[in-house]
2 protein chains.
Amino acid sequence: MTETTKPRRAQILDSASRLFSERGYHATSMRDLAGDLGMQGGSLYAHISGKEELLIEIVNVASRQFDEALFTLRDVQLPADEKLREAMHRHIRVVADNMDSATVFFHEWKHLSPEAYARVTGWRDSIDAFYRELITRGISEGTFRADLDPRMTAYLVLSAVNWAYTWYRPGGPLTPGDVADSFADMLLGGLRSEIGSTA
Amino acid sequence: MTETTKPRRAQILDSASRLFSERGYHATSMRDLAGDLGMQGGSLYAHISGKEELLIEIVNVASRQFDEALFTLRDVQLPADEKLREAMHRHIRVVADNMDSATVFFHEWKHLSPEAYARVTGWRDSIDAFYRELITRGISEGTFRADLDPRMTAYLVLSAVNWAYTWYRPGGPLTPGDVADSFADMLLGGLRSEIGSTA
DNA sequence: ACAAGTGCCAAACGCCCGTTAGGCTGCGTG
DNA sequence: CACGCAGCCTAACGGGCGTTTGGCACTTGT
């Protein structure tokens with residue numbers, strides 16, 4: 001009995017993350033969720049205030065993790081290419097370490113109430129701005145090609161790291177670091193061989 | 001005979017695409033959908049057999065368009081880099097020209113019944129295979145770098161073209177062709193400047 | 001031993017869901 | 001004019017939804 005079992009609330013959030021990510025928020029009933037935990041629907045309300053609280057908390061935890069992962073990189077002095085690689089490492093690690101809540105985050109944030117919705121779009125914009133600034137600086141430093149459009153470049157990088165939630169499987173042969181390095185190598189160096197790259 | 005009801009049916013499918021993409025499949029009720037068309041919930045059933053038929057048809061139309069766009073490229077003789085660019089052009093055009101049904105396609109296919117679900121995963125695999133083969137051939141032809149992993153490369157390309165459904169806005173300053181060219185330039189040539197690219 | 005507190009259950013609440021049934025209206029055709 | 005028949009209506013069906021309530025069993029502190 002010395003082993004401390006997770007608080008009931010945390011168990012509920014874990015189950016909710018998994019079920020919401022597998023079936024979707026609206027397609028998961030409170031009775032489904034309770035059944036997954038071996039209890040009755042009404043019993044959940046001793047621990048939570050309602051269904052939306054679960055969604056809000058899952059999305060908040062996910063967005064906070066993205067935020068923290070990249071925030072500490074903002075003022076690090078590093079060549080732009082290395083910094084981009086490091087950002088992708090951290091970004092993909094957050095996705096990979098939280099596949100369920102990341103999936104919920106990407107799929108269900110539209111169903112949040114207006115304030116929570118606004119907070120998510122705010123996060124989106126700040127992540128966007130982080131990558132755009134990184135790229136803009138890389139261009140002015142001469143590390144990145146001068147003809148890049150920072151907005152499109154940020155979209156491309158974000159596509160790569162975000163879309164991973166649809167195909168990455170933890171426990172498979174690839175670590176999050178493998179994925180990040182592979183993507184960074186291709187993005188930074190390009191797909192074309194030296195011979196093939198004419199102009 | 002079925003031809004006569006087609007216009008109304010098409011209107012229903014259009015409304016359903018828009019509402020499903022905005023609110024999600026389960027969060028859109030048949031009464032919502034009917035209201036959007038100025039009718040009562042029950043009246044829909046003169047034109048369709050049920051709610052899932054709408055989802056199936058929307059997803060089928062979308063997947064067929066992806067299929068057709070890339071199928072005719074399979075046997076075209078073209079250098080791998082040009083062929084990849086053309087594939088991205090077509091792929092992004094399908095997304096951009098069908099934002100609503102593409103969004104439904106990417107978000108709601110998990111909620112399909114088993115057979116329809118299997119058909120979608122089949123499509124997914126075939127698109128995947130298309131890009132992998134294209135890249136594998138490009139490597140053996142010397143157009144692409146020899147150290148590329150075709151699987152990871154396909155993921156990267158698919159990330160770029162698929163994720164567009166989350167941010168692209170038709171009618172904005174960017175045409176689908178602009179997006180495809182921009183992404184193809186960055187992917188093929190890499191982000192690094194000539195000076196910065198040391199090995 | 002007893003009171004307080006915790007965690008859960010069983011039942012019910014009002015509401016909305018997808019879907020069906022039956023009837024009314026207005027049109028095109030014999 | 002009579003007919004059939006789309007196309008839509010209103011009303012209702014059984015059922016599942018999120019949530020609330022009251023009470024029972026068990027643990028804990030004194």
Side-chain angles (χ1 to χ4, degrees), chain A residues 1-59 104 107-108 110-117, chain B residues 1-59 104 107-108 110-117:
Chain A
M1 292 302 274
T2 48
E3 90 174 296
T4 54
T5 54
K6 247 183 176 178
R8 209 64 169 131
R9 215 188 124 83
Q11 289 181 28
I12 294 174
L13 282 166
D14 284 349
S15 278
S17 294
R18 211 184 65 253
L19 293 181
F20 289 176
S21 80
E22 286 171 0
R23 313 179 189 180
Y25 175 67
H26 287 290
T28 305
S29 75
M30 296 303 273
R31 288 170 178 88
D32 289 341
L33 175 57
D36 191 65
L37 291 153
M39 52 199 300
Q40 297 296 114
S43 309
L44 291 169
Y45 290 81
H47 304 94
I48 59 162
S49 73
K51 191 181 184 183
E52 193 180 14
E53 186 197 328
L54 293 172
L55 181 57
I56 290 176
E57 188 131 335
I58 291 168
V59 168
V104 174
H107 262 189
E108 314 287 353
K110 280 188 183 173
H111 302 128
L112 288 169
S113 59
E115 340 104 50
Y117 182 95
Chain B
M1 35 198 331
T2 50
E3 242 64 38
T4 53
T5 62
K6 221 180 172 191
R8 204 60 173 144
R9 230 187 107 86
Q11 285 180 28
I12 294 174
L13 282 166
D14 283 349
S15 278
S17 294
R18 211 183 65 253
L19 293 181
F20 289 175
S21 79
E22 286 171 0
R23 312 179 188 179
Y25 175 67
H26 282 108
T28 304
S29 75
M30 296 303 273
R31 288 170 179 87
D32 289 340
L33 175 57
D36 190 66
L37 291 153
M39 50 200 301
Q40 296 297 115
S43 307
L44 291 169
Y45 289 80
H47 306 279
I48 58 162
S49 73
K51 192 182 183 183
E52 192 179 16
E53 185 196 329
L54 293 172
L55 181 57
I56 290 177
E57 188 131 337
I58 291 168
V59 167
V104 174
H107 263 191
E108 315 287 353
K110 282 187 183 174
H111 302 128
L112 288 169
S113 59
E115 339 103 52
Y117 182 96

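Numbers restart at 1 for each chain; the letters A, B, ... are given by sequence-line order, proteins then strands.
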Flag, side chain of B:Q11 to backbone of B:L37, donor-acceptor distance under 3.5 Å: no

Rounded interatomic separation in angstrom, taking CZ from B:R9 and C1' from D:dA6: 16 Å

B:S29 vs C:dC16: side-chain N/O to OP1/OP2 distance below 4.0 Å: no

Rounded to 10 degrees, the angle between the two terminal axes of the helix from C:dA1-D:dT30 to C:dG30-D:dC1, each from five pairs: 0°

B:K110 NZ/CZ over B:Y25 ring centroid, <6.0 Å and within 45° of normal: no

C:dC8 OP1/OP2 closer than 4.0 Å to side-chain N/O of A:H47: yes

Atom-to-atom span, CD of B:E52 to C1' of C:dC17 - whole angstrom: 16 Å

Rounded distance in Å - CD1 (A:I48) to P (D:dG18): 10 Å

Interatomic distance where NZ belongs to A:K51 and P belongs to D:dT19 [whole Å]: 8 Å

Shortest non-hydrogen separation from B:M30 to B:K51 and the atoms involved: SD-CG, 3.6 Å

Nearest atoms (heavy-atom pairs only) where B:A27 meets B:D32: O-OD2, 3.9 Å

Residues from residues 35-46 of chain A lying under 4.0 Å of DNA chain C - heavy atoms: A:G38, A:M39, A:Q40, A:S43

Atom pair distance, as rounded to whole Å: CE in A:M30 and P in C:dC9: 14 Å

OG-CD distance between B:S21 and B:E108, expressed to the nearest 0.5 angstrom: 9.0 Å

Side-chain donor/acceptor of A:R9 to backbone N/O of A:H47, under 3.5 Å: yes

Considering all heavy atoms, the nearest A:V104-A:S17 contact: CG2-O, 3.7 Å

Polar side-chain contact B:R31-C:dG18 base: donor and acceptor under 3.5 Å: yes

Rounded interatomic separation in angstrom, taking NE2 from A:H26 and P from C:dG18: 12 Å

hbond_proxy A:R8 side chain to C:dT6 base (donor-acceptor, 3.5 Å cutoff): no

Minimal non-hydrogen separation, A:F20 against A:L55, with atom names: CE1-N, 4.3 Å

A:I12 side, atom CD1; A:L33 side, atom CG - distance, nearest 0.5 Å: 7.0 Å

Sugar-phosphate only, base, or nothing, as touched by B:T28 at under 4.0 Å among non-hydrogen atoms: sugar-phosphate

